[in-house]
Amino acid sequence: ELGTRVAELHHENGRVNGVTIARGSAGRERVAADHVVSSMPLNELVRRLEPAPPVEIRAAADRLSYRDFLIVVLSVDREEVFPDNRIYIHSPEVAMGRIQNFQNLSPEMVPDYSKTSLGLEYFVNVGDVLWTASDSVLVDLGIREMATLGLVDPGEVEDGTVVRMPKAYPV
């Protein structure tokens, strides 16, 4: 249901069995569900449970804080940069924490299989220096860091974009 929000998650005997969705001015609708996959932050999910969980559960959920992240996506004019689908980076010379190779995750994730689409992940907090940096600054940073790691020559990068994701990881 695109263009809606989850208003309530109905549960019984430890299982979610329905979702009430809100369609803005079009009202609300309860939809039965055998399975539910949620991508909302955990504290928001707990607040939407109906019936409401015990007070101590709601209080614990309200104490959760989150780590945010952003991803710099680079299109590289090379069929293969590395054979893995993800690489975790543990180098003090760069700020990125992980690289996703979208082509190796699924061919449907890349527009042109003769090129490599890489997602450079930066673990940040909303409002910090990287979060507030312009997209062009972040793309340039990603290109420099890939060169520092010896994975990509800056001249191979054809394009780049940035996606910011608040509340990605509960802490």
Listing, residues 77-84 side-chain donor-acceptor contacts under 3.5 Å, not counting sequence neighbours, or none:
unit_1, atom_1, unit_2, atom_2, d
Asp77, OD1, Lys115, NZ, 3.1
Arg78, NE, Glu156, OE2, 2.8
Arg78, NH2, Leu151, O, 2.9
Arg78, NH2, Glu156, OE1, 2.8
Arg78, NH2, Glu156, OE2, 3.4

Are Met40 and Val16 connected, step by step, through hydrophobic side chains (Ile, Leu, Val, Met, Phe, Trp, Tyr) whose heavy atoms are closer than 4.5 Å?
-> yes
Show the atom names and distances, to 0.1 Å, of all donor-acceptor pairs under 3.5 Å that link a side chain in residues 26-33 to residues at least two apart or in another chain.
unit_1, atom_1, unit_2, atom_2, d
Glu29, OE1, Arg23, NH1, 2.6
Glu29, OE1, Arg23, NH2, 3.1

Kindly determine whether Glu8 and Arg48 satisfy side-chain contact (heavy atoms from CB on, under 4.5 Å), including the steps that lead there.
-> CA-CA 5 Å; Glu8 295 175 334; Arg48 287 176 174 79; 5.5 Å; no
If you round to the nearest 0.5 Å, how far is CG of Asn104 from CZ of Arg86?
-> 11.0 Å
Shortest non-hydrogen contact from Leu49 toward Pro53 | CB-CD, 3.9 Å
Within residues 89-103 or reaching into it, pairs that qualify as salt bridge (charged side-chain N to carboxylate O under 4.0 Å, His left out) - sequence neighbours excluded | Arg98-Glu121
Residue set satisfying side chain to side chain contact (heavy atoms under 4.5 Å, CB included) with Pro51, at least two apart, ordered chain then number -> His11
Name every donor-acceptor pair, under 3.5 Å, that has one atom in a side chain of residues 130-147 and the other anywhere in the protein, sequence neighbours excluded.
unit_1, atom_1, unit_2, atom_2, d
Thr132, OG1, Asp128, O, 2.9
Thr132, OG1, Val129, O, 3.4
Ser134, OG, Ser136, OG, 3.2
Ser134, OG, Val137, N, 3.2
Asp135, OD1, Arg164, NH1, 2.7
Asp135, OD1, Arg164, NH2, 3.2
Glu145, OE1, Ala95, N, 3.4
Glu145, OE1, Met96, N, 3.2
Glu145, OE1, Tyr122, OH, 2.8
Glu145, OE2, Ala95, N, 2.7

Applying the 4.5 Å side-chain criterion to the ILVMFWY set and letting contacts propagate, would Val163 and Leu118 be lumped into a single cluster?
-> no
Taking every heavy atom of Pro170 against every heavy atom of Ala168, the minimum-distance pair comes out as CD-O, 4.2 Å
Should Val110 and Leu74 be regarded as members of a common hydrophobic cluster, given that ILVMFWY residues are connected when their side-chain heavy atoms come within less than 4.5 Å of each other, either directly or indirectly?
-> no
In Å and rounded to the nearest 0.5 Å, what is the CD to OG distance from Glu44 to Ser38?
-> 9.0 Å
Would you give me the side-chain donor-acceptor pairs under 3.5 Å for residues 59-69, sequence neighbours excluded?
unit_1, atom_1, unit_2, atom_2, d
Asp62, OD1, Arg47, NE, 3.2
Tyr66, OH, Leu42, N, 3.0
Tyr66, OH, Asn43, N, 3.0
Tyr66, OH, Asn43, OD1, 3.1
Arg67, NE, Val124, O, 3.1
Arg67, NH2, Phe123, O, 2.8
Asp68, OD1, Lys167, N, 2.5
Asp68, OD2, Val126, N, 2.7

What about Val94 and Ile99, same hydrophobic cluster or not, with Ile/Leu/Val/Met/Phe/Trp/Tyr joined at side-chain heavy-atom distances under 4.5 Å?
-> yes
Transitive ILVMFWY side-chain link Met109 to Ile87, under 4.5 Å | no
Decide yes or no on side-chain contact (heavy atoms from CB on, under 4.5 Å) for Asn101 and Gln103, but give the supporting numbers first.
-> CA-CA 6 Å; Asn101 188 337; Gln103 179 173 314; 3.6 Å; yes
